[in-house]
Amino acid sequence: MRTPALRPRSVRIGAAIVTALALGAGVVTASPALAAVGDDDPSVGAAAPNGLVVNEVESNGDDTDWVELQNTSSASIDLTGYAFLDDDSTHDAYVLPAGSTIAPGGYFVIDQLSATAPGFDFGLGGADTARVYDPAGDLVLRYSWTSHAVVTYGRCADGTGALVDTTASTKGAANDCSSPVRINEVESQDGTPGDWVELTNVGSTTVDLGGYVLKDSEDDHAYTIPAGTTIAAGGFTVLDEADFGFGLGKADSARVFDPRGALVDSYSWTAHAAATYGRNPDGTGDFAETAESTKGTANRFAGVVTAEPWPGGADETVLDDEDTFTGDLSGIDWTTSSTSEDGQLWAVQNGDGLLYHLTSDGQGGWAPSNAAGTDLRYADGTGTPDAEGVTVTSDDPGAVYVSTERDNDVSKTSRPSVLRYATTDGSESTLRATDEWNLAADFPGLGVNAGLEGVTWIPDSWLTEHGFADEHTGAAYAPSTYAGHGEGLFFVGVEGTASVSAYALMADGSFQRVATIGSPFAVVADVQFDPTLDALWVVCDDACAGRSALYELTNGVFTAAKVFEAPSNADRTLANEGFAISGVCADGQRATFYADDNDTNGFSLRTGTYPCEGGGTDPGTDPGTDPTPTPTPAPGDGGSTPAPTPGTGGPTPTPSPTAPTAPAAPVAPSETGLTDTNRGASRPRRPPARGDHHGHGGHAVRRRPGERVAVLDADAARHRDGRR
């Protein structure tokens with residue numbers, strides 16, 4: 001999702017040309033100094049002598065990345081002509097326009113470019129630097145970090161304190177440096193062993209509760225929490241009546257004060273709850289009566305699907321050797337292989353538009369068969385597609401399909417496209433797209449960093465068998481409605497709408513949206529059809545702490561039924577933008593795969609497990625005898641027209657959306673909106689007949705007898721844009 005340095009070099013203002021360049025940009029220079037925008041000096045700090053300071057940094061959570069400055073002086077500061085860069089001096093410096101001023105004690109936000117506002121056109125990474133230069137080219141502010149903040153990095157106190165992970169993002173306003181401790185659940189009668197108050201931590205680091213004070217509605221009922229009592233980020237700590245020494249009444253309050261005596265949180269009630277009172281969702285939502293007491297664990301409410309632990313293994317294990325990839329690995333897909341029972345993987349890298357083909361060593365290891373990656377280009381041989389997702393299809397086994405946000409060589413223009421590349425093993429050094437479906441007309445105003453993230457393909461046979469509803473026609477989905485679309489639909493995850501859209505992609509380059517699926521996540525990082533579960537995975541990344549959801553088809557509509565937390569030992573801050581799951585069940589487990597866009601610690605590819613029944617290969621599939629795929633007709637042509645030869649730059653039809661009804665706006669299920677009646681029932685699956693191939697991307701996998709499909713909950717997690 002980051003915009004790479006594949007464009008003109010940044011403005012570097014040397015002594016000989018500083019005046020000419022500055023005047024051309026309307027910037028008044030101070031002197032012919034040797035300073036240049038892009039020069040670095042690690043000794044420069046986050047506060048300037050004139051009172052200008054870096055006050056807050058958002059690198060992964062909002063719709064845009066941004067840096068907030070504060071003026072701690074008693075006079076206004078004119079920021080006209082100041083320039084901003086991250087740690088990459090090859091990026092184009094963003095020069096603040098005329099009239100940019102910051103009042104005494106005020107705030108000024110240097111924002112990322114969006115569809116509606118100017119700004120810098122690069123992203124801020126997990127390990128990055130914010131650099132601010134004055135009009136003379138002198139570096140005046142510099143702040144570096146080594147990993148994304150869970151919320152933001154902000155000064156506590158504003159303007160003068162250290163930059164720490166804040167409790168809440170406060171763009172253009174005073175930082176939220178409040179305690180992250182919250183009352184989460186209250187038991188006021190018939191508790192075990194008595195009354196109790198559960199606290200949670202909505203921050204990103206462990207909090208020492210020593211010295212915090214619990215009171216009820218009476219000030220003389222006070223309990224000082226002993227030193228050494230801690231609460232982990234996202235964790236729970238319970239204070240029992242046996243410890244605090246007073247009971248909670250029918251009409252009462254629970255109040256928590258920090259060691260300075262400041263009120264941190266409180267909750268009052270006028271009657272005992274049938275079970276307990278708890279926040280929905282935990283830590284941040286309003287209080288309501290719970291379905292049952294959940295002392296020390298996440299709250300539960302009647303009719304609401306809540307996040308549950310990952311049912312597979314606790315770990316995400318590194319698969320790649322250090323520095324195998326150069327970063328920005330974003331999409332990944334699994335399919336069967338003619339040479340390996342473990343199958344094969346396809347992956348794409350967004351910053352430089354590379355396609356990787358990965359093979360198994362048969363002992364749990366995976367590595368690219370094309371170590372340098374295949375350079376992806378548009379049909380005319382130009383451009384660098386911002387490759388975010390990848391999938392293969394059973395009706396076109398000689399090709400891979402890639403979802404993109406833009407052409408990185410024209411980084412200020414949105415180009416949300418699905419591209420087809422003719423390849424069987426990624427052995428080509430360069431590939432030109434044989435087809436492009438540019439969906440921009442379907443997403444007016446979509447930001448350049450808000451386009452297509454994930455892509456997956458579902459065969460028509462499965463959709464019709466399961467009664468998929470066509471929102472475009474208002475009737476049951478009939479493949480014949482969309483002549484020339486091939487034998488299935490493409491489902492794309494759209495970052496800017498946090499939803500999934502299903503498309504018929506026609507052979508002439510036109511397209512039609514068939515359905516829109518809302519998500520409860522702030523970001524849809526990837527989508528994967530899972531024929532083993534008869535379900536659709538919708539995956540968030542670190543913006544949702546690594547949660548993933550399963551949707552199943554209920555009454556014609558893909559409906560959220562369960563959400564899973566990340567594996568318990570996994571790093572929730574990993575930018576896992578890609579997700580894939582193997583169709584092979586071995587020793588009761590299927591392998592899961594994660595692509596980390598941040599290349600954390602030099603590693604981009606990780607694996608975990610998801611439970612299954614049985615072992616061995618899927619029925620009807622013998623990878624050892626699967627014929628080697630050969631280039632096939634372009635999708636949707638019914639097998640009558642040869643596919644274009646990759647690299648020839650043959651004509652690509654201009655995508656033209658068909659006219660009918662506008663697609664319905666996605667309706668995301670809310671945290672409280674997923675009820676037993678609308679979340680989709682989990683029902684047993686019929687065992688497949690041998691040869692019943694409903695495989696995603698051409699891999700035939702079985703549906704387990706009696707398997708129940710899981711599908712999701714809601715998370716109001718934060719969206720980050722411009723990730724590198």
Side-chain angles (χ1 to χ4, degrees), residues 37 44-87 91 93-97 99-114 116-135 139-178 180 203-204 447 449 543 718-724:
V37 174
V44 174
N50 65 351
L52 192 66
V53 302
V54 174
N55 196 57
E56 191 174 6
V57 174
E58 172 62 273
S59 63
N60 75 329
D62 276 357
D63 291 336
T64 57
D65 294 341
W66 47 266
V67 173
E68 175 191 270
L69 307 180
Q70 186 180 21
N71 180 0
T72 62
S73 76
S74 58
S76 293
I77 299 175
D78 185 3
L79 298 176
T80 300
Y82 275 65
F84 174 74
L85 271 176
D86 62 351
D87 67 354
H91 285 154
Y94 173 60
V95 179
L96 275 58
S100 300
T101 60
I102 182 169
Y107 305 93
F108 185 95
V109 176
I110 303 175
D111 213 339
Q112 189 178 26
L113 179 70
S114 69
T116 58
F120 55 90
D121 65 350
F122 45 83
L124 300 179
D128 213 337
T129 299
R131 296 184 289 171
V132 178
Y133 299 81
D134 67 15
L139 180 63
V140 294
L141 292 174
R142 186 182 191 277
Y143 173 64
S144 295
W145 58 95
T146 57
S147 62
H148 289 301
V150 174
V151 185
T152 64
Y153 289 116
R155 289 186 182 271
C156 294
D158 275 276
T160 58
L163 283 135
V164 298
D165 208 320
T166 62
T167 300
S169 174
T170 56
K171 186 177 184 179
N175 291 338
D176 185 350
C177 301
S178 63
S204 59
N449 284 330
R718 307 169 305 113
H719 170 165
R720 59 99 189 88
D721 196 26
R723 167 65 43 69
R724 299 194 307 167

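Along the sequence shown, residues are numbered consecutively beginning with 1.
- Screening residues 142-156 for salt bridge (Lys or Arg N to Asp or Glu O under 4.0 Å), with sequence neighbours left out, gives Asp40-Arg142.
- Atom-to-atom distance recorded for Thr129:OG1 and Leu141:CG is 12.5 Å, nearest 0.5 angstrom.
- Shortest non-hydrogen contact noted between Ala149 and Ser59 is N-OG, 4.5 Å.
- The structure places OG1 of Thr101 at 7.5 Å from CZ of Phe108, a figure rounded to the nearest 0.5 Å.
- Of the inter-residue distances, the one linking Leu69 atom CG with Ile110 atom CD1 reads 4.5 Å to the nearest 0.5 angstrom.
- The aromatic rings of Tyr153 and Trp145 lie tilted to each other, with the angle between the two planes from 30° to 60°.
- In this structure, Phe120 and Asp65 have side chains that are in contact, with non-hydrogen atoms separated by less than 4.5 Å.
- Note that the CD1 atom of Ile77 and the CG atom of Asn71 stand 3.5 Å from one another [nearest 0.5 Å].
- In this structure, Ala93 and Val37 approach most closely via the heavy-atom pair CB-CG1, 3.6 Å.
- Looking at heavy atoms from C-beta onward, Arg131 lies out of side-chain contact with Val44 at the 4.5 angstrom threshold.
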Without placing hydrogens or testing angles, list every side-chain donor-acceptor pair under 3.5 Å for residues 45-52, not counting sequence neighbours.
| residue | atom | partner | partner atom | Å |
| --- | --- | --- | --- | --- |
| Asn50 | OD1 | Leu52 | N | 3.1 |

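- The closest side-chain heavy-atom distance from Lys171 to Tyr107 is not below 4.5 Å.
- Nearest approach of Cys177 to Thr167, heavy atoms of both residues: C-OG1, 4.4 Å.
- In this structure a side-chain-to-backbone donor-acceptor pair under 3.5 Å is missing from Asp87 to Asp128.
- Distance check, rounded to the nearest 0.5 Å: CG of Leu96 to OH of Tyr133 gives 14.0 Å.
- Closest approach of Leu124 to Asp86, counting heavy atoms only: CD2-CB, 3.9 Å.
- The only option from Thr152, Asn55, Thr170 that meets the side chain to side chain donor-acceptor pair (under 3.5 Å) definition with Glu68 turns out to be Asn55.
- Minimum interatomic distance between Val164 and Cys156 (heavy atoms only, all atoms of both residues): CG2-SG, 3.8 Å.
- In this structure, Gln70 and Asn175 have side chains that are not in contact, with every pair of non-hydrogen atoms separated by 4.5 Å or more.
- For the pair Phe122 and Gln112, the tightest heavy-atom approach, listed with the atom from each and the gap, is O-NE2, 3.1 Å.
- Here the CG-CG distance, from Asp176 to Asp158, works out to 10.0 Å after rounding to the nearest 0.5 Å.
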